[in-house]
Amino acid sequence: MNMAKYNPQKIEKKWQEAWYKSSIFKAKNGSKNKKFYLLVEFPYPSGDGLHVGHCRSYTALDIIARKKRMQGFNVLFPMGWDAFGLPTENYAIKKGVHPSVVTKKNTDNFRRQMKSLGLSFDWSREINTTDPKYYKWTQWIFLQLFKNNLAYKDKIAINWCPKDKIGLANEEVINGKCERCGAKVEKRDKEQWMIKITKYADRLIEDLNLVDYLEKIKIQQKDWIGESHGALIKFSLEGSEEFIEVFTTRIDTIFSGTFLILSPGHNFIDKYKNKIENIDEVLKYRETAKNTSDIDRTNQDKDITGVELKGITVKNPATNEEMPVWTADFVLEQYGTGVVFADAHDKRDFKMAKKYGIPLRTSIKPENELSAQKAKNLEECFEGEGALYNSMHFDGLTSSEARPKIISWLREKGYAENKISYKLRDWVFSRQHYWGEPIPMIFCVKCGWQAVLEKNLPVELPKVKKYQPTDTGESPLSAIEKWVNVKCPKCKGPAKRETDTMPNWAGSNWYYLAYTMPKISNFKFQISNSAKEFSQWMPVDWYNGGMEHTTLHLLYSRFIFKFLWDIGAVPKIIGAEPYKKRTSHGMILGEGGIKMSKSKGNVINPDSVVKQYGADTLRVYEMFIGPFEQMIPWDIKGVVGSRRFLEKIYNLVLKKAIPAKIPTVSPSRTRDEVGAEENFKKLLHKTIKKVGDDIEAMKFNTAVSSLMEFVNAWSIAENSLDKPASDKGYGLAKKDLQEFLKILSPFAPHLSEELWQRAGFKGLCCAQKWPKYDEKLIEEKNILLIVQINGKVRDKIEVNAGITQKQAEEIVLKLEKIKNRITNIKEVEKVVFVPGKLINFVTIDKDK
RNA sequence: GCGGACGUGGCGGAAUUGGCAGACGCGCUGGCUUCAGGAGCCAGUGGGAGCAAUCUCGUGAGGGUUCAACUCCCUCCGUCCGCACCA
């Protein structure tokens with residue numbers, strides 16, 4: 001047998017070129033076939049190249065794309081580059097190369113790697129967020145936000161990373177540390193462009209009902225937006241018409257409210273400077289609080305501190321009692337109104353009152369008598385719900401009954417209203433860096449902030465000598481006078497450009513729309529848009545990405561899409577959600593279950609796996625490694641198993657001429673069952689069904705294992721009988737081999753293509769129709785009936801699938817071991833019969 | 001603290017959703033391929049008892065429901081992830 005060994009390095013290149021030449025992966029605008037838009041998050045093209053984690057999700061979606069194409073869908077499966085970002089900028093600073101040069105090099109490398117994996121992206125639609133033709137529209141979106149009052153400039157205390165010298169969004173701060181570099185984040189007051197995502201908070205929650213996202217993704221988004229229903233209460237200032245508004249979800253505790261606590265930064269303090277007798281002390285406390293980083297402030301063990309605002313009191317609208325006003329740093333300025341009313345039913349309030357001797361009162365009774373006593377005696381704090389007391393005519397009501405009643409009672413007096421509050425905050429959109437989209441705004445002393453005229457877009461990044469951010473927090477762009485100084489678009493007077501750039505999320509807000517156009521240079525946004533490219537492809541049918549983007553990219557892009565939809569920049573017919581379905585992949589960890597990282601030296605480079613084992617092996621391995629949505633450690637030995645599997649197929653097909661039939665042998669069956677060529681066909685059709693179903697459910701691991709089972713059966717027939725099946729004249733039938741190669745092809749496309757050709761079949765394997773399984777064939781005529789006694793398996797017999805209980809009993813009771821067990825010792829009390837599955841004899845001891 | 005996921009052989013993991021626990025792969029053991037090698041082939045492989053047929057125990061721990069529980073319910077232990085002074 002002088003056949004060549006399986007040599008993926010040789011065949012894979014060849015087929016990649018063949019696919020490219022045939023344009024088979026190109027999405028067709030205007031096609032009559034049903035569309036299917038599959039999207040996988042585009043990567044940030046780092047200098048490290050593709051990660052095996054990228055390969056996992058790309059291969060998974062590639063498998064779906066390939067299957068959908070074979071099923072006759074007009075598939076859009078695009079790829080591009082989210083290329084603005086700090087690592088590129090840092091590299092550029094270090095090496096003195098322009099970031100665009102670095103980007104070009106990195107994207108070339110990523111593209112090469114993706115192609116080497118046989119991923120079926122439509123490369124003709126490739127986009128790059130740093131391409132001026134692309135970011136022209138990123139800037140256009142910003143202008144529309146500005147025109148619709150959703151972009152505004154505000155001086156706020158931002159999260160400032162002292163190492164990266166950059167302002168961070170709340171979402172980018174992890175445990176008080178910079179998401180990128182891990183440096184402790186500081187607070188800094190800075191003028192920033194802000195985007196009013198909060199205006200969409202309710203719809204971003206509500207519309208989750210319209211989409212098919214993994215439940216955990218929905219939950220995370222909801223939690224992040226953090227909607228809570230409550231009330232806004234007015235506490236009037238003693239001796240004044242003024243009042244302070246407080247948001248609460250626990251208005252049922254209003255009768256126990258004995259003091260008010262403001263956040264240290266609350267503007268009330270500035271407003272009543274003159275009235276506050278100890279203003280110096282209060283301002284000093286504010287300063288200290290500001291300098292306490294988030295990580296220290298949220299430390300649970302930290303002692304509670306606070307300062308009373310002497311000379312100021314407010315009136316509790318429920319009790320009419322006078323209440324002192326304090327400030328404490330556990331009250332957050334950004335949530336609610338930045339004020340809480342304090343009582344004995346909140347741990348922090350309780351602790352604070354105890355510490356400073358502020359009077360406390362309770363008004364909620366816990367069910368448990370002991371806790372009720374302790375709570376009443378102010379020995380411990382009760383935070384739960386219960387029955388009201390000390391609450392006038394609301395006494396006896398439960399917390400949830402009381403809330404709406406108290407609100408309407410106070411509302412009538414003009415002191416309360418229903419209110420929904422969100423944790424979500426407006427999106428800090430400014431970055432003081434070079435490598436980002438310039439914010440297309442101009443500041444004129446006379447006219448204020450003016451939008452760059454749309455016809456002047458894009459505002460291109462100018463060439464600079466230094467990309468280094470400055471310590472003052474100014475963007476490096478501010479140093480380029482020629483670029484900064486412009487005419488005001490309104491009064492034509494001297495004005496200056498905004499030198500901040502956009503965050504790296506800006507470009508990914510709308511990239512799924514860019515792909516709908518065959519060429520980015522033809523792309524166009526406009527108001528009252530009815531572009532058929534949008535309505536042909538949108539919404540995205542299936543979007544896969546990382547869990548880490550759930551509260552960032554996924555939320556942002558849903559918001560921006562809704563905005564574009566509202567202003568008519570995308571046709572209404574698409575609907576208000578960009579992604580129909582969202583799934584998420586698990587990370588690939590290093591061997592031993594630790595994270596892959598350069599510092600640990602356990603990073604697996606896909607190139608080396610492709611070189612040593614081949615792309616198909618890598619693909620099959622990454623699908624077989626474990627459940628797609630689960631984190632999984634890399635195991636180099638497992639790669640070998642996938643390689644063996646492919647090699648086995650290669651040998652099976654090429655060792656023989658194409659035989660006609662094969663007997664069935666599945667590893668679990670005895671070899672005596674051989675003989676039914678029908679059985680082998682049956683196994684094939686079962687496999688076709690299983691693989692198809694599993695791909696849709698993203699159960700790639702079990703899809704691969706069912707392919708393996710089929711191949712094992714095939715291999716046994718060829719190798720372990722007295723004579724190979726094909727020598728006897730019955731191997732795998734030609735047509736069945738075709739069907740098998742077709743279902744294998746999404747997983748191992750190169751090998752399938754090669755074997756398809758070598759077996760003498762016409763055309764490209766990946767262009768064939770996805771096989772249909774034969775329902776009748778899959779239907780089992782005979783089943784293995786489980787025979788149980790008292791729920792324990794005692795025997796298994798093969799019987800006709802339609803067997804009745806009577807017939808089954810008759811057969812089973814004749815079996816020696818069953819007969820003995822039952823008739824000798826016990827008496828049958830009851831028989832449970834599950835048609836097609838099992839028969840169970842429930843017995844009682846004869847003695848009893 | 002809150003929310004979510006999870007716990008099955010030496011390892012990664014299967015189990016039609018209440019009906020054969022351990023599919024498939026790795027590893028290991030034995031054998032075959034008239035040299036060697038393995039990324040080839042065959043067989044075996046949860047623990048215990050037995051020459052064997054077979055018996056028995058077994059899905060983090062304990063309890064419950066059921067003819068029947070990896071699966072459902074309760075209590076506890078443990079791991080991972082997300083959020084975290086959110087009024």
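FYI, side chains are in, hydrogens and waters are out, and symmetry mates aren't considered; it's all heavy atoms of this structure. All figures in this text were calculated on a predicted structure; none of them were measured in a lab. A, B, ... follow the sequence lines: proteins, then strands. Residue 1 opens every chain.
Comparing rC24(B), rG19(B), rA39(B) against the side chain of M708(A) picks out rC24(B) as the nearest. Nearest to the side-chain atoms of K796(A) among the listed nucleotides rA15(B), rG13(B), rC20(B) stands rC20(B). Nearest nucleotide to the side chain of R425(A), out of rA84(B), rA23(B), rC86(B): rC86(B). Here the nucleotide nearest the side chain of V340(A), chosen from rA21(B), rG13(B), rA87(B), is rA87(B). Distance from the side chain of I632(A) is smallest for rG12(B) among the nucleotides rC81(B), rA87(B), rG12(B). Minimum atom distance to the side chain of K648(A) is reached by rC41(B), of the listed rC83(B), rA87(B), rC41(B). Between rA87(B), rC20(B), rC24(B), one nucleotide has an atom nearer to the side chain of I786(A) than all others, and that is rC20(B). Nearest to the side-chain atoms of P633(A) among the listed nucleotides rA14(B), rG12(B), rA87(B) stands rG12(B).
The neighbour count for K354(A) NZ, taken as heavy atoms of other residues, nucleotides or ligands under 6.0 Å away, is above 12. Around atom NZ of K218(A), more than 12 heavy atoms belonging to other residues, nucleotides or ligands sit under 6.0 Å away.
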Within the 4.0 Å limit for protein heavy atoms, which parts of nucleotides 3-8 of chain B are touched? Write it as a string from 5' to 3', B for base, S for sugar-phosphate only, - for none.
S-----

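With respect to E227(A) and K222(A), no salt bridge is recorded, no charged nitrogen being found less than 4.0 Å from a carboxylate O. With salt bridges taken as basic N to acidic carboxylate O contacts below 4.0 Å, one links R403(A) and E385(A).
Within 4.0 Å of K347(A), counting heavy atoms only, lies no atom of the nucleic acid at all. Nucleic acid contact for L707(A): none, since no nucleic acid atom lies under 4.0 Å from a heavy atom of the residue. Across all strands shown, D349(A) has no heavy atoms under 4.0 Å from either base or sugar-phosphate atoms. When heavy atoms are screened at a 4.0 angstrom cut-off, K222(A) is found touching no nucleic acid atom at all. Residue contacts shown for M631(A) are limited to sugar-phosphate atoms, with no base heavy atom under 4.0 Å away.
Classification of rU17(B) as syn follows from a glycosidic angle within 90° of 0. The glycosidic torsion of rG31(B) lies more than 90° away from 0, placing the base in the anti range.
Judged by distance alone, the side chain of D343(A) and the main-chain N or O of I254(A) form no donor-acceptor pair under 3.5 Å. In this structure a side-chain-to-backbone donor-acceptor pair under 3.5 Å is present from R286(A) to P264(A). Looking at N159(A), its side chain never comes within 3.5 Å of a backbone N or O of V185(A) through a donor-acceptor pair. With hydrogens and angles disregarded, no donor-acceptor distance shorter than 3.5 Å links the side chain of R56(A) to the backbone of M623(A). Using a distance-only test at 3.5 Å, with no hydrogens or angles considered, a donor-acceptor pair links the side chain of Q9(A) to the main chain of K611(A).
Of the N and O atoms on the side chains of T305(A) and Y285(A), at least one donor lies less than 3.5 Å from an acceptor on the other residue.
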As a check on the pairing definition, encode RNA chain B in dot-bracket form, counting Watson-Crick and G-U wobble pairs whose two distances are under 3.5 Å, and using | for partners outside this strand.
(((((((..(((......[....)))((((((.......))))))((((....))))..(((((..]....))))))))))))....

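The side chain of R794(A) contributes an N or O atom lying less than 4.0 Å from OP1 or OP2 of rC55(B). Within the 4.0 Å cut-off from OP1 or OP2 of rA39(B), not a single side-chain nitrogen or oxygen of N651(A) is found.
In this structure, I649(A) atom CD1 and rG25(B) atom C1' are separated by 14 Å, rounded to whole Å. Atoms CD1 (I625(A)) and P (rC11(B)) sit 17 Å apart, rounded to a whole Å. The distance from atom CH2 of W224(A) to atom P of rC2(B) is 20 Å, rounded to the nearest whole Å. Atom CZ of F247(A) and atom C1' of rC86(B) are 9 Å apart (whole Å). Distance CD (E709(A)) to C1' (rG13(B)): 14 Å, rounded to an integer number of Å. rG12(B) atom C1' lies 12 Å from atom CG of L589(A), rounded to whole Å. For K792(A) and rU56(B), the NZ to P distance is 6 Å, given to the nearest whole Å. Separating the OH atom of Y335(A) from the P atom of rA84(B) is a distance of 13 Å, rounded to the nearest angstrom.
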Can you give me the N/O atom pairs linking the protein to nucleotides 26-32 of chain B at distances under 3.5 Å, or say none if there are none?
unit_1	atom_1	unit_2	atom_2	d
rC26(B)	OP1	R644(A)	NH1	2.5
rG27(B)	OP2	R644(A)	NH1	3.4

Are any protein N/O atoms closer than 3.5 Å to N/O atoms in nucleotides 65-69 of chain B? If there are, list each pair with its distance.
unit_1	atom_1	unit_2	atom_2	d
rC67(B)	OP1	K830(A)	NZ	3.3
rC67(B)	O2'	N840(A)	ND2	3.4
rC67(B)	O2	N840(A)	ND2	2.5

With the criterion being N/O to N/O and under 3.5 Å, what pairs connect the protein with nucleotides 58-60 of chain B, and how long is each?
none

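Here side chain to side chain donor-acceptor pair (under 3.5 Å) pairs that include residues 584-595 of chain A, with residues two or more places apart or in two chains, are N544(A)-H585(A). Residue pairs that meet the salt bridge (Lys or Arg N to Asp or Glu O under 4.0 Å) test with at least one member in residues 621-635 of chain A, sequence neighbours left out, do not exist here.
Comparing N701(A) and D346(A) against RNA chain B, the residue whose closest nucleotide sits nearer the 5' end is N701(A). Positionally, the nearest nucleotide of RNA chain B for F624(A) lies more toward the 5' end than for the other of F624(A) and I304(A).
Near RNA chain B, meaning a heavy atom under 4.0 Å from it, residues 687-695 of chain A has no residue at all.
Judged as a ring pair (Phe, Tyr, Trp, His ring centres under 6.0 Å), and not counting sequence neighbours, the contacts of F740(A) are F710(A), W714(A). Listed by chain and residue number, D303(A) satisfy the side-chain hydrogen bond (donor to acceptor under 3.5 Å, both in side chains) test with K355(A) (two or more places apart in sequence, or in another chain). In this view, Y356(A) and W326(A) satisfy the ring pair (Phe, Tyr, Trp, His ring centres under 6.0 Å) rule, not counting sequence neighbours. Applying the salt bridge (charged side-chain N to carboxylate O under 4.0 Å, His left out) rule to E12(A) yields no partners; only residues at least two apart in sequence or on another chain are considered.
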Stepwise side chain to side chain contact (heavy atoms under 4.5 Å, CB included) check, V831(A) with N840(A)
CA-CA 6 Å; V831(A) 180; N840(A) 185 14; over 6 Å; no

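For the side-chain hydrogen bond (donor to acceptor under 3.5 Å, both in side chains) criterion with R250(A), the lone passing option out of T248(A), D252(A), T253(A) is D252(A). Of the candidates F645(A), W634(A), Y613(A), Y621(A) forms a ring pair (Phe, Tyr, Trp, His ring centres under 6.0 Å) with just one, namely W634(A).
F243(A) carries K234(A) over the face of its six-membered ring, with the cationic atom under 6.0 Å from the centre and within 45° of the normal.
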